[in-house]
Amino acid sequence: MLFLLSSSSTSPLLSLCRKIPLKTLTTKTLSHLHSTMSTNLKTHAFAGNPLRSTTPKPESLFSPISAFETLKSRLLENALLPSSPIFKVLPFRKGRPLAISTRPTGDSPPIWHLGWFNLGDFKGFLANSEFQPTENSFVYLGSRSEDDVVYWGIDVSEDSSLVPQFGAKHFGFVELRTLMVATDWTDERAMSDLAIAGHARALLEWHNISHFCGHCGEKTVPMEAGRRKQCSNALCKKRIYPRVDPVVIMLVIDRENDRALLSRQSRFVPRMWSCLAGFIEPGESLEEAVRRETWEETGVEVGEVIYHSSQPWPVGPNSMPCQLMMGFFAYAKSVEINVDKEELEDAQWHSREDVKKALTFAEYKKAQRTAAAKVEQMCKGVEKGQNLSADFNVESGELATMFIPGPFAIAHHLISSWVNQVPLNGVEAQLKQPSGSLSNL
């Protein structure tokens with residue numbers, strides 16, 4: 001989440017755990033803590049998509065089926081049909097959404113927005129293109145009935161000639177990860193745009209890797225305006241739904257609640273540390289996955305596992321269009337580390353003070369502004385093919401011994417909420433009358 005818990009936010013569950021042995025935590029208390037935590041939570045990056053807040057009823061003009069029928073007619077005719085919604089299209093190329101950057105007045109940094117086109121204008125762009133889309137080229141992204149608008153995504157990767165055409169109007173296809181870093185997490189519209197782009201990329205990339213039925217091998221065809229697919233084989237007709245890969249990500253904490261277990265992978269930039277994470281295997285619960293992954297990667301045994309929050313993560317490899325990161329606090333029963341070198345480069349216990357220093361030295365806002373300026377340059381075509389990694393420096397002039405991922409990642413908020421604990425008034429009293437024990441499922 002770009003802004004799940006701010007640096008000054010309260011983490012009720014962890015504040016209590018610092019003072020109270022886990023054995024005394026009751027189900028009633030945990031329920032109270034979760035309800036209290038919810039008042040402090042804001043939307044994760046890529047969550048909170050405003051186009052997916054409600055699903056129109058089938059008879060509505062804004063429903064996927066009705067809008068798809070209108071789309072077929074609109075592709076054949078340029079005129080807006082009576083009583084039909086406005087259609088807006090977001091092009092993608094190789095997983096990159098079309099974006100445009102604007103600069104507010106004064107010293108404010110540039111702001112990026114998604115490159116939406118009205119359907120008629122988009123068709124005009126394609127007038128001399130080799131790419132002539134059919135209705136099945138579009139995927140339904142959602143609608144805003146109050147604005148009389150239906151939104152669509154489309155992959156235009158097969159025609160590279162469109163790039164300079166969009167570029168002439170200062171539009172550019174930008175990596176979603178770059179847009180993620182460039183997003184001001186206090187800007188509601190920017191967060192909404194990021195969530196829409198993440199959903200669209202996940203859906204389009206899933207279409208690109210699901211051309212054939214995994215059951216019989218025949219071609220698949222889009223159904224329900226691209227929200228699912230179906231095998232074209234009349235004897236099969238298998239329904240295929242968008243792929244989501246579930247991942248557990250956990251901050252492992254020692255018994256005294258004074259140290260956290262952080263790890264490094266070889267692909268990380270120097271001195272960056274983060275939470276442990278791993279994919280869920282068939283037939284296991286989330287809690288079991290947390291314990292198994294922690295044991296396999298570090299040799300540390302975990303007892304209590306407590307849910308924190310979840311985040312869609314559509315910026316992984318194309319073969320996994322959207323991961324769902326499910327965050328947990330995991331309490332260690334052992335402290336000796338035995339790193340699996342095939343999975344991790346290193347894993348170490350870090351004190352609360354060391355992690356707090358890493359948060360203090362990191363200048364995430366500076367990195368966001370730098371990335372926003374880079375998006376502006378890319379949309380204007382100022383730079384081509386340069387490596388952006390040097391521009392994502394999140395540290396101040398004095399180098400810290402470590403730093404953690406930025407506020408766009410759930411790992412940041414798992415770690416920062418543990419570091420910045422604030423006691424809650426009135427909650428300790430509930431712990432004096434336990435009605436049960438925390439489940440060890």
Side-chain angles (χ1 to χ4, degrees), residues 68 71-80 86-102 110 112-141 149-180 182 193-194 196-211 219-222 225-226 314-315 317-319 321 371-388:
F68 185 71
L71 175 66
K72 290 194 289 186
S73 301
R74 292 280 305 279
L75 289 175
L76 297 175
E77 304 174 16
N78 288 320
L80 184 65
I86 299 169
F87 284 176
K88 290 190 176 182
V89 180
L90 178 61
F92 276 72
R93 185 172 189 271
K94 297 182 178 180
R96 303 176 180 183
L98 190 69
I100 188 170
S101 182
T102 59
W112 70 268
H113 300 293
L114 294 176
W116 294 104
F117 278 81
N118 287 332
L119 181 60
D121 295 335
F122 180 69
K123 289 172 64 179
F125 259 94
L126 301 181
N128 299 316
S129 170
E130 296 179 359
F131 174 61
Q132 294 299 316
T134 67
E135 63 273 13
N136 284 330
S137 304
F138 295 82
V139 295
Y140 176 90
L141 300 180
V149 180
V150 174
Y151 297 87
W152 303 88
I154 188 170
D155 191 335
V156 298
S157 300
E158 64 183 73
D159 189 353
S160 58
S161 69
L162 293 174
V163 175
Q165 291 188 55
F166 287 120
K169 294 186 177 294
H170 290 173
F171 288 90
F173 292 99
V174 184
E175 285 280 1
L176 191 56
R177 274 184 177 267
T178 304
L179 294 178
M180 174 184 72
D193 274 2
L194 188 67
I196 293 169
H199 169 230
R201 181 186 187 271
L203 201 54
L204 289 168
E205 291 302 298
W206 168 71
H207 275 275
N208 288 334
I209 64 171
S210 58
H211 291 298
K219 287 186 176 182
T220 57
V221 292
V315 288
N318 292 347
S319 59
K374 181 63 64 177
V375 172
E376 180 185 42
Q377 292 176 336
M378 295 172 68
C379 291
K380 291 181 177 179
V382 175
E383 298 185 0
K384 301 290 183 182
Q386 292 194 1
N387 187 350
L388 304 182

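Partners of Arg93 under the salt bridge (Lys or Arg N to Asp or Glu O under 4.0 Å) rule, at least two apart in sequence or in another chain, do not exist in this structure. The side-chain hydrogen bond (donor to acceptor under 3.5 Å, both in side chains) check on Glu175 picks up Arg96, with sequence neighbours excluded.
The nearest pair of heavy atoms linking Ala372 to Ser101 is O-OG, 4.5 Å. Contact record, Phe173 with Pro91: CE2-O, 3.8 Å, taken as the closest heavy-atom pair. Summarising the geometry of His207 relative to His211, their closest heavy-atom pair is O-CE1, 3.6 Å, with the distance given to 0.1 Å. In this structure, Lys94 and Glu205 approach most closely via the heavy-atom pair C-OE2, 4.4 Å. Between Val174 and Cys379, the shortest heavy-atom contact is CG2-SG, 4.4 Å.
No side-chain N or O of Thr134 forms a donor-acceptor pair with one of Asn136 less than 3.5 Å apart.
Judged by distance alone, the side chain of Asp159 and the main-chain N or O of Ser161 form a donor-acceptor pair under 3.5 Å. Between the side chain of Arg201 and the backbone N or O of Pro97 there is no donor-acceptor pair closer than 3.5 Å. With Thr220 contributing its side chain and Ser210 its backbone, the two residues share a donor-acceptor pair below 3.5 Å.
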>> Between Leu90 and Phe117, is the side-chain contact (heavy atoms from CB on, under 4.5 Å) condition met? List the steps.
In response: CA-CA 7 Å; Leu90 178 61; Phe117 278 81; over 6 Å; no

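Taking the six-membered ring for Trp and the full ring otherwise, the centers of Phe68 and Tyr140 sit at least 6.0 Å from each other. Taking the six-membered ring where the residue is Trp, the centroids of Phe125 and Phe166 are separated by under 6.0 Å.
Taking the ring centre of Phe87 as origin, the terminal cationic atom of Arg74 falls inside the region bounded by 6.0 Å and 45° from the ring axis.
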